[in-house]
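Please read the structure below before turning to the comments.
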Amino acid sequence: MILYKNGHALINGNLIKTDIVANHGRIIEIAPDVVADDQTEVIDCSHRYILPALVDIHTHGANGYDFNTADIDGMKKILEFYIAHGVGSVFPTVMTDSDEVICRQVALIATLAKDYPEIKGIHLEGPFLSREYCGAMPVQHLQKPSMDKFLTYQKAAEGKIKIVTVAPELPDALAFIAEVSDSKVVVSLGHSGADGETVQKALKAGAKCFTHFGNAMSALDRHNLNMVGTALLSDAYCEVICDGKHVDKDVLRLLLKTKGINKVIGVTDSIMAAGLPDGIYKLGEQNVTVTNGEAKLKGTDVRAGSTLDAYQGLANVVSFTGLPLPEAIKLWTVNPSKLVGLSDRIGTIEVGKDADFIIFG
């Protein structure tokens, strides 16, 4: 057993001084002044904070490696970066690519997950996306939705694909969304030029989230909600890249005011350049230029993910919105864990949940 002694832990939305006892990776007791026996390891957390570990459901890489191209050793380097930046649960994101590459990479991630419990699933961003709103996705690999094709990817991933981003206006998309949702995989709507009516149908079919709100989606119009407006109006979750570049800080404040604190999810959408200096990098097979920390497809103004880490993303939410830390951290803990159906294990510090927290200060 391990006793975390005298820390200020985030419990039920408040930072309180308490002790936490963990055994075999689970929290078994939370109480003041717990007395350790001879078999208990004691970690002194005096003058330190204990927070739930962060959850990133949308990230393509970091530390010089990309989930679309890395081997197992490279993926380990990505995971080391996440762990060092407070991430306890991650959904490695494989972007649109050839069928061969997608199957190869999701299989590698599934293998890695056996040694890294931080990997809670895979996010498949594409290839069922709009050509018009493809962003940094390679157009030549885009496809119309196909359940047979998705099941091919899922078989290669050993069932680890837990989120898939889909453009709902594509042929057969609504039937695809319904079938995938029935299989307990979260459908997120993104890279789409859909009108409001189509988006509403996709939500009724089972979609639960919007991928990187405000980016690669049709904008709100006074005559049509389109993607952005329907995202604001709906009860679905919205991912938001919290770097202040993909979405202005005032737009983030509007999103939170409109949706409420419980329906917004912070993500990094990070690429291999996260943690590294400006330069030329890759996002899948695409060349990316990073200047002043901002990533764009080489020679264009098309954004290509971010260089954000999760710690900074959380700090940005606090800075941009003025929310106190116990509220702001919900975007990176409680909300994503609920979306992916893991709130019984992660997202908060409670007896019976995983001992998945970060200590700092």
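Since the model is a prediction, treat every value here as computed from it, not as a measurement.
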Donor-acceptor pair, [X] side chain versus [Y] backbone, under 3.5 Å?
| X | Y | value |
| --- | --- | --- |
| T96 | E125 | yes |
| T258 | L255 | no |
| S183 | V180 | yes |
| N63 | K77 | yes |
| S337 | V334 | yes |
| D278 | N292 | yes |
| E239 | H212 | yes |
| K263 | D235 | yes |
| N68 | K282 | no |

What about [X] and [Y], same hydrophobic cluster or not, with Ile/Leu/Val/Met/Phe/Trp/Tyr joined at side-chain heavy-atom distances under 4.5 Å?
| X | Y | value |
| --- | --- | --- |
| V264 | L325 | yes |
| F176 | L129 | no |
| L314 | V240 | yes |
| I261 | L233 | yes |

Does one side chain, of [X] or [Y], offer a donor that lies under 3.5 Å from an acceptor on the other?
| X | Y | result |
| --- | --- | --- |
| E350 | T348 | yes |
| S46 | D44 | yes |
| Y281 | T289 | no |
| H60 | D66 | no |
| S270 | T59 | yes |
| S306 | D269 | no |
| D195 | T198 | yes |
| S89 | K120 | yes |

* **Ring centers of F357, Y4 separated by less than 6.0 Å** =>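 When the ring centroids of F357 and Y4 are compared, they turn out to be within the sub-6.0 Å range.
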
* Asked: Rounded to the nearest 0.5 Å, what separation is found between the CZ atom of F150 and the OG1 atom of T152?
  ->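 Those atoms lie 10.5 Å apart.
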
Pair listing, side-chain hydrogen bond (donor to acceptor under 3.5 Å, both in side chains) test, anchored in [range], at least two apart:
| range | result |
| --- | --- |
| residues 8-35 | K5-D19, R26-D354 |
| residues 127-143 | D99-Q143, Q140-E285, H141-E285, Q143-K149, Q143-Y153 |
| residues 161-170 | H123-T165, T165-T211, E169-S192 |

* **Contact summary for D309 and Q312, nearest pair of heavy atoms** =>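 Looking at all heavy atoms of both residues, the closest pair is OD1-N, 2.9 Å.
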
* Apply side chain to side chain donor-acceptor pair (under 3.5 Å) to the pair T40 and D37, showing each step before the final yes or no. => CA-CA 6 Å; T40 300; D37 58 27; 2.7 Å; yes

* Salt bridge or not for K353 and D344, using N-O below 4.0 Å? ->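 Salt bridge absent between K353 and D344.
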
Does some side-chain heavy atom of [Y] sit less than 4.5 Å from a side-chain heavy atom of [X]?
| X | Y | value |
| --- | --- | --- |
| V90 | V87 | yes |
| I358 | Y49 | no |
| E41 | L3 | no |
| S188 | V164 | no |
| Q286 | L297 | yes |
| M227 | F210 | yes |
| I20 | I50 | yes |
| P138 | D97 | no |

* In the hydrophobic cluster built from side-chain contacts under 4.5 Å, what are the other members alongside I57? ->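 Noted: I57 shares its cluster with V55, F91, I163, V186, Y237, I241, I265, V267, L339, V340, L342, I346.
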
* **Hydrophobic cluster partners of L308 (side-chain heavy atoms under 4.5 Å)** =>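 Result for L308 is none, singleton.
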
Check residues 103-119 and write down every donor-acceptor pair under 3.5 Å in which the side-chain atom is one partner and the other belongs to a residue at least two apart or another chain.
{"from": "Q105", "atom 1": "NE2", "to": "F67", "atom 2": "O", "distance (Å)": "2.8"}
{"from": "Q105", "atom 1": "NE2", "to": "A70", "atom 2": "O", "distance (Å)": "2.9"}
{"from": "T111", "atom 1": "OG1", "to": "A107", "atom 2": "O", "distance (Å)": "3.1"}

